[in-house]
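First the structure, in the form of structure tokens, and then the observations on it.
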Protein chains: 2
Amino acid sequence: MSEKKKQIVEAAAKSFSLFGYKATTMDQVAKMANVGKGTIYTFFKSKEELLEDIVSSIISEIKYEANEAVDARLPFNENVQRVLQRIFTFRKENELTIKLLQEVRDIGTPAVRNVMKRLDREMIAFIREKIEEAMAKGEIRSCNAELTAFLMFKMYIALHVDWEKEHEPLSPQKIAELFDLYLLKGLSLR
Amino acid sequence: MSEKKKQIVEAAAKSFSLFGYKATTMDQVAKMANVGKGTIYTFFKSKEELLEDIVSSIISEIKYEANEAVDARLPFNENVQRVLQRIFTFRKENELTIKLLQEVRDIGTPAVRNVMKRLDREMIAFIREKIEEAMAKGEIRSCNAELTAFLMFKMYIALHVDWEKEHEPLSPQKIAELFDLYLLKGLSLR
DNA sequence: ATTTTGACTAAATGAACATTTTGGTCATTT
DNA sequence: AAATGACCAAAATGTTCATTTAGTCAAAAT
């Protein structure tokens, strides 16, 4: 990747996470990146594509970190929890992710909405892969992997995000315990 | 309840479910109810209170229907499914509920947002009661009833509403089966 | 020749102002 | 004592116009 492109992506990522997508102007990105505005358009065909590119990097980063959390020697239920834990910790701690989720909630910028929807879809696809691997290895009983991944993701959103809207937050331990009790019982072989 | 009040509530309910809360004017409600506008304000102190009153009736109606679906001779897992099934069928078929949920999604009218939030809370409280009864009877193992009711509700939303946004809808049978497999396994005594 | 640039344009945004609509009141009527 | 609708302040909506901004491209820099 060219030096200029790197500067642009870095500047845009910083500006998006500081001010949000809508409040970031291409002039500003150009200034921050020490680049003419036209240069940005030699690498990205639009502001939206620039955002998409940055979010793609984030998705890769999350997948990488989630994979790092996997320990092949541990059983499926431990690993799936580690993966989900990692995904949601990222969601809660990464500045850019926080800002973009905020923007969807408060303003509903369509471009940001779409890109965050894709992030969710990709996380579900990632979990689905883990489920399919576990099924192939006979670690869990056979099930609809897409549906199961979807439910796991939704349940984590419920416990991590929705519950806190009206109650005291749940500790990671409590979440793990609940997840194990409710969702993983149904997948266990016996 | 006085005849005039009945006319007002009926007219408002009809107008809300036809045009939504925001697009309904008090003049219109008065016209439809064959009543002077001032009369409305002898029964309700604001437009919002009128909506709240109507939604309270809906909540009572749902609770009544959900209770009707309960058969004391059946086991807890059957009954809780019947209750949830009834709640979500109502959500999907009642014109007013449909319109109000639409309005929250598309416009986000605060008054409607609040009232629908209350509806959700009351549904969760209702399920919670059923769980506490089952716990008292020793039908299910001990658990945090509020948290369990919350998760059941969220899971039904996920299966009934969210899943359909990107996939083919699930049949009621499939939903029941999934619910039983994942959520109720964790509550069974053995 | 190739890359980079910023002045330029068409479209979007939003500030400021005018106009209309609407929730709620209350003096009057029934 | 109950019901009403003309009335009002405030909120919503429409309009205008100056500013801002995403994206382009001819010219400059390398």
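A note on names: the letters A, B, ... follow the listed sequences, proteins ahead of strands, and every chain is numbered from 1.
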**Report entry** For atom CD1 of A:I40 and atom C1' of D:dT21, their distance in whole Å
**Finding:** 12 Å
Query raised in the report: How are the rings of A:F88 and A:Y156 set to each other: parallel, tilted or perpendicular (split at 30° and 60°)?
Result: tilted
Query - d(CD, A:E49; P, D:dG23) in whole Å - result: 10 Å
Report task. Check the pair B:E132 / B:R128 against salt bridge (charged side-chain N to carboxylate O under 4.0 Å, His left out), numbers first and verdict last. Result -> CA-CA 6 Å; B:E132 278 166 349; B:R128 178 188 172 149; 3.1 Å; yes
Report summary line: Per atom distances to the A:T39 side chain, the nearest of C:dT4, D:dG23, D:dA3 is C:dT4
Query - B:T39 side chain vs B:V35 backbone, donor-acceptor pair below 3.5 Å - result: no
Query raised in the report: Got a salt bridge between B:R91 and B:D120, using NZ or NE/NH1/NH2 to carboxylate O under 4.0 Å?
Result: yes
Query raised in the report: Starting at NZ of A:K37 and ending at C1' of C:dT5, how long is that distance when rounded to a whole Å?
Result: 11 Å
Report summary line: Test side chain to side chain donor-acceptor pair (under 3.5 Å), reference B:R86, set B:Q81, B:E65, B:E68, output is B:E65
Query - First of A:A23 and A:G38 reached from the 5' end of DNA chain D, by closest nucleotide - result: A:A23
Report summary line: Considering only heavy side-chain atoms of B:S46, the closest of C:dT5, C:dG24, D:dA22 is C:dG24
Query raised in the report: A:K4 near the nucleic acid: base, sugar-phosphate alone, or nothing, with a heavy-atom cut-off under 4.0 Å?
Result: sugar-phosphate
Requested in this report: Name the nucleic acid region contacted by B:K47, choosing base, sugar-phosphate or nothing; use a 4.0 angstrom heavy-atom cut-off, strictly under.
Outcome: sugar-phosphate
Requested in this report: Heavy atoms only: give me the nearest A:V83-A:A66 pair and the separation to one decimal.
Outcome: CG2-O, 3.9 Å
Requested in this report: Enumerate the residues from residues 24-36 of chain B whose closest heavy atom to DNA chain C is under 4.0 Å, giving them by residue number; use none for an empty result.
Outcome: B:T24, B:T25, B:M26
Query - Which nucleotide in D:dT13, C:dT4, C:dG23 has an atom nearest any side-chain atom of A:T42 - result: C:dT4
Query raised in the report: Whole Å only: how far is the OH atom of A:Y41 from the C1' atom of C:dG6?
Result: 13 Å
